Amino acid sequence: MKKLAITISAILASGAAYAGNEATTELQFAYGDDVQITQNTSHANPALGNDAFVYMTNTYKNDTVILQTGNENTATVDATHASRSQFDITQTGNENTATIETEGALNRYNDLDIVQTGNGNTSTVSVDDGDYNDADVDVSGDGNTTVAQFNGGGADNNHIKTKIVNGNNNSVTSVVNNGHANDAHVLVRNSNDNTVNTTQNGDHSDAYVSVRSGSDLNEIDVTQNDSNYASVSVYWGSDGNDIDISQHNSNDAYVNVGLYSDLNEISIDQTSNGSDALVNLAYSSNNAISVWQNANDSATVSGYASNNNTVNIVQN
């Protein structure tokens with residue numbers, strides 16, 4: 001098996017300040033390659049940052065790792081017809097941009113990971129027409145923007161997991177356009193004033209959002225179409241969150257608020273018919289629950305040791 005190891009470091013030997021560095025790798029019809037790009041701004045001009053680009057076409061079982069420290073760096077991985085490959089980007093610093101894009105009908109069984117620590121960073125994971133791909137995005141810091149999306153009728157059985165930990169004012173967007181049986185997971189922990197948007201336009205997809213550990217004033221929006229499932233959980237003293245679930249045509253929505261999480265607003269709108277809504281409160285008070293449904297639907301709200309909550313259910 002051919003194995004190519006590429007390591008590029010942007011640490012310059014001189015103590016003088018230089019402009020940002022650029023590293024580019026292009027692979028075609030490659031098997032079992034190992035690409036690692038390491039860029040630091042110890043001597044490069046920190047105001048300019050570094051750029052790393054990896055382009056792959058018709059590749060199999062390749063491993064790509066990009067490591068960047070400092071500010072205003074850019075890392076991009078673009079793979080076409082890649083299968084059983086792993087793409088990792090790790091950035092530490094502020095105002096960095098990380099992008100992983102895979103496309104093509106042969107784009108299958110890939111692992112796409114982005115880790116960012118710092119403020120004002122942007123991360124994007126995009127999968128077009130691929131199956132059984134696994135995307136994980138971990139973000140720590142304030143004012144970061146994350147977008148993960150699966151596009152195309154051939155984008156089936158893919159998985160997105162996004163974590164926001166110890167950060168405020170972040171934005172997380174998870175999108176499935178067409179596709180079948182995709183799932184999106186978002187975890188918000190010890191973080192406030194974040195915005196989470198999950199949109200699934202395909203069918204038989206699942207959306208899971210978990211807000212915990214004293215995460216307050218977050219806005220959670222889930223929009224789904226055709227036989228999907230949404231689950232939102234708020235735990236451990238997470239207060240003042242706004243949860244909106246909008247579903248069309250035979251979907252299930254489940255919201256669980258517990259363990260002293262108070263003052264949350266929960267709204268579930270289910271149009272068409274054949275949908276179920278379930279809201280469960282435990283040791284949580286002063287929450288507002290609203291459920292709107294059309295025909296042949298079911299709504300259940302239950303509470304335990306929860307006080308001063310309001311419930312409004314409308315069924316047409």
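In what follows, residues are counted from 1 in the order of the sequence shown. None of the values given here were measured: they were computed from a predicted structure.
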A.B. asks: State whether the side chain of N169 and the backbone N or O of G143 hold a donor-acceptor pair below 3.5 Å, judged by distance alone.
C.D. replies: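 Not confirmed, N169 side chain does not pair with G143 backbone.
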A.B. asks: Answer yes if the side chains of N168 and D193 hold a donor-acceptor pair under 3.5 Å, and no otherwise.
C.D. replies: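 No.
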A.B. asks: Decide yes or no for L27 and V35: does some side-chain heavy atom of the first lie under 4.5 Å from some side-chain heavy atom of the second?
C.D. replies: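 Yes, their side chains come closer than 4.5 Å.
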A.B. asks: What is the minimum heavy-atom distance between S85 and N110, and which atoms define it?
C.D. replies: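 In terms of heavy atoms, the two residues are closest at N-OD1, 2.9 Å.
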A.B. asks: Which pairs pass ring pair (Phe, Tyr, Trp, His ring centres under 6.0 Å) with one or both residues in residues 61-112, sequence neighbours excluded?
C.D. replies: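 Counting only pairs at least two positions apart or across chains, the ring pair (Phe, Tyr, Trp, His ring centres under 6.0 Å) contacts touching residues 61-112 are Y109-Y132.
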A.B. asks: Taking only residues two or more places apart in sequence, or in another chain, which ones meet A230 in a side-chain contact (heavy atoms from CB on, under 4.5 Å)?
C.D. replies: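 Expected list: V222, Q224, I245, Q247.
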A.B. asks: Any heavy-atom pair between the side chains of I243 and V234 that's under 4.5 Å?
C.D. replies: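 Heavy-atom side-chain distance check passes, below 4.5 Å.
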A.B. asks: Do any pairs count as a salt bridge (Lys or Arg N to Asp or Glu O under 4.0 Å) and have a residue in residues 295-313, sequence neighbours left out, and if so which ones?
C.D. replies: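 Found none.
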A.B. asks: How is the hydrophobic cluster of V115 composed, in terms of its other members, when Ile, Leu, Val, Met, Phe, Trp and Tyr link through side-chain heavy atoms under 4.5 Å apart, directly or indirectly?
C.D. replies: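 Members other than V115 - counting any ILVMFWY side chain reachable under 4.5 Å - there are none.
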A.B. asks: Taking ILVMFWY side chains as joined if any heavy atoms are under 4.5 angstrom apart, and letting links pass through other members, which residues group with L263?
C.D. replies: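 Members alongside L263: none; it stands by itself.
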A.B. asks: Taking ring pair (Phe, Tyr, Trp, His ring centres under 6.0 Å) as the test, write out the residues that go with H180, two or more places apart.
C.D. replies: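 Partners of H180 by the ring pair (Phe, Tyr, Trp, His ring centres under 6.0 Å) criterion, ordered by chain and then number, come out as H204.
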A.B. asks: Does a salt bridge link D131 with R108, judged by any charged N lying under 4.0 Å from a carboxylate O?
C.D. replies: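 Yes, D131 and R108 are salt-bridged.
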A.B. asks: Tell me if a side-chain donor or acceptor on N170 pairs with a main-chain N or O of G141 at a distance below 3.5 Å.
C.D. replies: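 Judged by distance alone, yes, a pair lies under 3.5 Å.
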